[in-house]
Amino acid sequence: MSLDTGFKVNMQIRLDWSEMDLYGHINNVMYFKYLQASRVNYWTMMGIDKNFKTTNIAPILASAKCDFKKPLHFPGNIIVQAKLDFIKNSSFGIIHQIINEQHEIVAIGNDVMVMYDFSKNEKVLFPDDLKLFIESKEREKN
């Protein structure tokens, strides 16, 4: 599987000894932790957390999926990449790649989030200004 270079948001994570399972590789649950870190990092990079502070509207996770391609082993570092998959009326998706030190894809994650108004406790439409901002950031060249 070849690396996709269109990912806008990247973060490095150090693998920890405590993340290993009985079989000596990084436990599958940790991959979801890495995807969560990537998701929150993406929200920050795209201004979603800043929008929450002024509107009390933010995404909530509706679905998270991970396809495991190769095992990870301690010690090591990974790069977790994120990019927009889609934006609809009230939801959006993020695709993640987890890359090992050999530049191989070890997992691909997919998140679907729904925009939520925490003041009203209900799903809301994706704010147009935020949608335009994210789409413009995604179109920027690396």
Side-chain angles (χ1 to χ4, degrees), residues 1-118 121-142:
M1 177 171 287
S2 62
L3 291 178
D4 181 340
T5 58
F7 284 80
K8 299 296 180 181
V9 179
N10 300 285
M11 67 182 302
Q12 184 171 325
I13 298 175
R14 181 185 147 281
L15 301 176
D16 191 83
W17 182 82
S18 68
E19 298 169 339
M20 288 191 299
D21 64 13
L22 177 66
Y23 305 111
H25 62 273
I26 301 299
N27 188 280
N28 65 77
V29 173
M30 299 313 302
Y31 287 69
F32 283 96
K33 179 183 169 197
Y34 307 146
L35 296 177
Q36 177 182 350
S38 177
R39 177 185 323 120
V40 172
N41 186 52
Y42 183 88
W43 292 351
T44 300
M45 299 302 289
M46 295 298 164
I48 295 172
D49 61 337
K50 184 183 275 186
N51 183 72
F52 172 72
K53 292 175 185 171
T54 59
T55 65
N56 220 25
I57 294 172
I60 57 172
L61 188 62
S63 174
K65 179 180 181 244
C66 184
D67 291 326
F68 305 96
K69 305 294 183 186
K70 292 181 176 249
L72 287 169
H73 300 277
F74 174 83
N77 294 289
I78 57 172
I79 301 290
V80 187
Q81 303 177 310
K83 71 177 179 179
L84 183 69
D85 187 17
F86 65 86
I87 297 181
K88 295 184 179 178
N89 291 333
S90 61
S91 65
F92 70 108
I94 300 173
I95 298 173
H96 307 272
Q97 286 186 154
I98 300 176
I99 311 296
N100 65 15
E101 290 180 316
Q102 291 73 41
H103 307 288
E104 300 169 317
I105 298 172
V106 298
I108 297 173
N110 297 88
D111 294 331
V112 175
M113 279 95 19
V114 174
M115 295 306 285
Y116 192 81
D117 186 326
F118 285 87
N121 291 319
E122 64 185 20
K123 179 176 82 168
V124 295
L125 295 178
F126 205 106
D128 287 333
D129 57 338
L130 185 57
K131 183 187 291 190
L132 291 173
F133 179 77
I134 291 171
E135 288 172 340
S136 71
K137 293 278 282 181
E138 286 283 346
R139 282 191 299 273
E140 289 177 1
K141 297 216 185 276
N142 286 338

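Hydrogens, waters and symmetry mates play no part in the numbers below; they use all other heavy atoms, side chains included. In this chain, numbering begins with 1 at the start of the sequence shown.
To the nearest 0.5 Å, the span separating NE2 on His73 from OH on Tyr23 amounts to 14.0 Å. In this structure, Phe68 CZ and Ile108 CD1 are separated by 12.0 Å, a value rounded to the nearest 0.5 Å. Note: Ile99 CD1 to His103 NE2 = 9.5 Å, rounded to the nearest 0.5 Å. Here the CD1-CG distance, from Ile26 to Asn100, works out to 12.0 Å after rounding to the nearest 0.5 Å. The distance from atom CE of Met20 to atom CG of Leu15, rounded to the nearest 0.5 Å, is 10.0 Å. One finds the CG atom of Leu132 at 8.5 Å from the CD1 atom of Ile87 (value rounded to the nearest 0.5 Å).
Using a 4.5 Å cut-off on side-chain heavy atoms (C-beta onward), Pro127 and Thr55 make no contact. For the pair Asp21 and His25, the minimum side-chain heavy-atom distance is below 4.5 Å. Side-chain contact check for Phe7 versus Ile79: every heavy-atom pair is 4.5 Å or farther apart.
When all heavy atoms of Met115 and Leu125 are compared, the pair lying nearest together is CB-O, 4.4 Å. Nearest heavy atom pair, residue Ile98 against residue Ile78, reads CG2-CD1, 3.8 Å. Between Val80 and Ile13, the shortest heavy-atom distance links the atoms CG2-CD1, 3.8 Å. Taking all atoms of both residues into account, the shortest heavy-atom contact from Phe32 to Lys65 is CE2-C, 4.3 Å. When all heavy atoms of Ile134 and Met46 are compared, the pair lying nearest together is CG1-CB, 3.8 Å. In this structure, Glu101 and Gly76 approach most closely via the heavy-atom pair OE1-CA, 3.7 Å.
Crowding of Met30 atom CE: a count of heavy atoms from other residues, nucleotides or ligands under 6.0 Å exceeding 12. Taking a 6.0 Å sphere around CG of Asn89, one finds it holds 12 or fewer heavy atoms contributed by other residues, nucleotides or ligands.
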Open item on the list: side-chain contact (heavy atoms from CB on, under 4.5 Å), that's the test. Do Asn110 and Ile95 meet it? Break it down for me.
Closed with: CA-CA 5 Å; Asn110 297 88; Ile95 298 173; 3.7 Å; yes
TODO: Apply side-chain contact (heavy atoms from CB on, under 4.5 Å) to the pair Tyr34 and Met11, showing each step before the final yes or no.
DONE: CA-CA 10 Å; Tyr34 307 146; Met11 67 182 302; over 6 Å; no
Open item on the list: Test side-chain contact (heavy atoms from CB on, under 4.5 Å) on His96 and Arg39; report intermediate values, then the result.
Closed with: CA-CA 8 Å; His96 307 272; Arg39 177 185 323 120; 4.2 Å; yes
Task: Residues Ser91, Phe86; criterion side-chain contact (heavy atoms from CB on, under 4.5 Å); working and verdict - done: CA-CA 8 Å; Ser91 65; Phe86 65 86; 3.8 Å; yes
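A donor-acceptor pair under 3.5 Å links the side-chain atoms of Tyr116 to the main chain of Asn121, judged by distance alone.
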